[in-house]
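Just so you know, ligand 1 is whichever comes first in the structure, and atom 1 is the first atom listed for that ligand.
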Amino acid sequence: MLGNFSYKNATKLYFGDDSLKFLNDELPKYGKNVQLIYGGGSIKKNGIYDEVVKILEANGKNIVEDPGVMPNPTVEKLYEGIRIARENNVDLLLAVGGGSCCDYAKAVSVSVNCDEDPWDKYYLRFEEPTCEIIPVGCILTMAGTGSEMNAGSVITNHEQKLKIGHVFGEEIMPKFSILNPKFTMSLPKRQMVAGIYDIFNHICEQYFSGEDDNTSDYLAEALMKSVIHSSLIAVEDPNDYEARSNIMWSATWALNTLISRGKSTDWMVHMLGQAAGAYTDATHGMTLSAVSLPYYRYIMPYGLAKFVRFAENVWDVCPDGKTDEQIAQEGLKALEDWMRKIGVSMNLTELGATEDMIDGITEATFILEGGYKVLTKDEVREILKQCL
Ligand code: NZQ
Ligand code: ZN
């Protein structure tokens with residue numbers, strides 16, 4: 001039975017190869033001071049920075065520079081962003097980049113007017129903001145996280161060896177996001193496929209929970225098929241606009257709260273991947289691909305019916321003459337073959353993890369209860385060992 005829920009998504013999207021012009025429609029809604037948030041410089045190389053600055057200037061905005069947001073943004077960078085926003089009385093946080101810039105903008109947004117330490121308040125105690133937030137807008141340059149249309153924000157604390165995501169309430173979602181698939185074309189192939197796997201796994205995390213007949217699962221299957229189809233085209237020809245635009249749109253729908261309605265959701269691949277990420281600082285999507293197969297093979301017997309459905313509906317496995325276990329295994333083999341074809345990391349060793357980290361990563365793994373098996377710490381350790 002579909003559970004009870006509310007649904008609202010407050011982010012306005014502008015999609016397409018001319019979508020940046022709609023920044024002109026959004027900017028007049030906000031005050032003069034715009035904190036321009038970006039990463040390590042890709043937007044300067046591909047010209048997006050110049051285009052955005054031109055529009056900000058034409059709208060009479062005062063640009064407050066906030067560069068250097070690193071992949072997996074750190075708590076130290078968050079403190080810097082809060083200081084910049086406070087010193088410049090910022091009215092809008094404009095993130096131009098991938099999920100890291102969008103996530104970071106949301107973390108700054110909830111912290112600028114808050115006296116408490118944001119790491120303790122939001123990432124250790126998971127509290128909701130009690131202060132006035134600064135609005136966030138995104139111009140997305142990498143498809144993957146869904147951060148452009150959700151309220152998630154992941155921050156890494158290297159000192160504490162923790163990478164933690166907080167999913168805030170809907171008021172923290174970006175007010176608007178501009179999605180131009182052409183902006184993703186300059187991504188290195190490794191980042192593109194890491195993003196593709198991140199999208200696919202977001203769908204899996206929501207799909208592999210519950211045993212009911214749920215509309216969300218049909219939506220999830222359609223999204224998975226679209227991602228598989230478009231990814232195979234994009235790895236052959238990264239400049240294929242149709243494939244890249246389908247990937248970008250799927251990313252948004254994979255994690256904008258729609259397909260989790262009425263579902264308990266799993267998220268254990270992300271918990272394992274994030275804990276590994278805290279130790280290795282590896283690319284998010286690659287940490288997920290590295291832990292997925294040992295995890296799914298382990299939980300498969302506990303959610304057998306769904307893994308059979310996954311095999312048949314997503315991977316077109318023919319069930320004739322096979323046991324449920326055989327069908328489910330074939331589905332996971334098809335997933336593995338696709339992962340190898342697009343070229344994602346298949347183990348944690350290649351991401352820099354070593355045997356002596358396993359106890360620490362186990363400790364840093366949050367155990368969630370929405371999937372088919374609530375893992376014990378010993379099971380987490382065993383799965384992680386298989387991921388090396
Ligand atoms: O920093 P620059 O120079 O811009 O380079 C970035 C970065 O090195 C580069 N890049 C992005 N767009 C580019 C480009 N290079 C060339 N051309 C372009 N058009 O790509 C690298 C990775 O960028 P990043 O933003 O870190 O990637 P992603 O979008 O995967 O974001 C990862 C972060 O999002 C969090 C992850 O944990 C990680 O911290 N997540 C956020 C979620 C959410 N808000 O709901 C959910 C996800 O599961 C995830 O946990
Ligand atoms: Zn993810």
Side-chain angles (χ1 to χ4, degrees), residues 11 37-49 51 66-75 77-78 95-107 123 136 138-158 162-168 172-174 177 179-206 238 244 247-248 251-252 254-257 260 265-278 280-289 291-292 344:
T11 305
I37 291 167
Y38 54 99
S42 70
I43 66 163
K44 291 208 167 158
K45 285 194 209 117
N46 58 24
I48 298 172
Y49 175 87
E51 285 187 62
D66 184 3
V69 178
M70 60 292 283
N72 313 316
T74 63
V75 68
K77 177 62 188 160
L78 170 59
V96 189
S100 292
C101 288
C102 299
D103 278 18
Y104 164 86
K106 292 175 213 166
Y123 295 94
V136 170
C138 293
I139 298 169
L140 199 65
T141 67
M142 162 154 179
T145 66
S147 189
E148 66 276 11
M149 204 185 192
N150 71 36
S153 171
V154 183
I155 295 293
T156 297
N157 187 322
H158 286 298
L162 289 173
K163 180 177 183 186
I164 298 179
H166 185 149
V167 181
F168 290 98
I172 310 304
M173 290 179 179
S177 285
L179 278 60
N180 181 343
K182 284 201 169 148
F183 287 178
T184 68
M185 300 282 194
S186 55
L187 269 174
K189 200 165 185 177
R190 188 183 148 79
Q191 287 293 344
M192 177 186 81
V193 297
I196 289 169
Y197 192 74
D198 192 21
I199 303 166
F200 192 84
N201 190 252
H202 292 160
I203 307 168
C204 290
E205 298 277 33
Q206 297 162 94
R244 298 301 290 268
I247 290 166
M248 194 170 209
T252 304
L255 195 51
N256 69 356
T257 74
S260 63
T265 73
D266 183 0
W267 292 107
M268 276 314 295
V269 168
H270 272 65
M271 295 304 103
L272 293 160
Q274 270 176 212
T280 58
D281 204 24
T283 299
H284 172 67
M286 297 304 191
T287 63
L288 306 178
S289 58
V291 302
S292 284
V344 288

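Shortest distance from the Zn ion (ligand 2) to D198 is reached at OD1 (N/O/S atoms only).
At least one heavy atom of K163 sits less than 4.0 Å from an atom of ligand 1. Heavy-atom separations between G41 and ligand 1 include at least one value shorter than 4.0 Å. For the pair H202 and ligand 1, a heavy-atom separation below 4.0 Å is found.
Only the side chain of N150 comes within contact range of ligand 1, with a heavy atom under 4.0 Å; no backbone atom does. Under 4.0 angstrom from ligand 1, there are no non-hydrogen atoms of Y38.
Taking all heavy atoms of T145, T184, V154 into account, the minimum distance to atom 34 (O) of ligand 1 is reached by T145.
Residue contact check: S147 has heavy atoms under 4.0 Å from atoms 44 (N) of ligand 1. Which parts of ligand 1 touch D103 is read off a 4.0 Å heavy-atom cut-off, strictly below it: atoms 34 (O), 35 (C), 40 (N), 41 (C), 42 (C), 43 (C), 44 (N). Close approach of ligand 1 to N72 (heavy-atom distance below 4.0 Å) involves ligand atoms 38 (C), 39 (O).
Nearest to atom 36 (C) of ligand 1 among the protein's heavy atoms is H284 CG, 3.6 Å.
Side-chain N/O atoms of N150 and K106 include a donor and acceptor closer than 3.5 Å.
Relative orientation of the H270 and H202 rings is tilted, given thresholds of 30° and 60° on the angle between their planes.
More than 12 heavy atoms of other residues, nucleotides or ligands shown are found within 6.0 angstrom of NZ on K77.
Within 4.0 Å of atom 18 (C) of ligand 1, at least one protein heavy atom is present.
Any N or O atom pair closer than 3.5 Å counts here, and I43 shares no such pair with ligand 1.
Angle NE2 (H202) to the Zn ion (ligand 2) to NE2 (H284): 170°, rounded to 10°.
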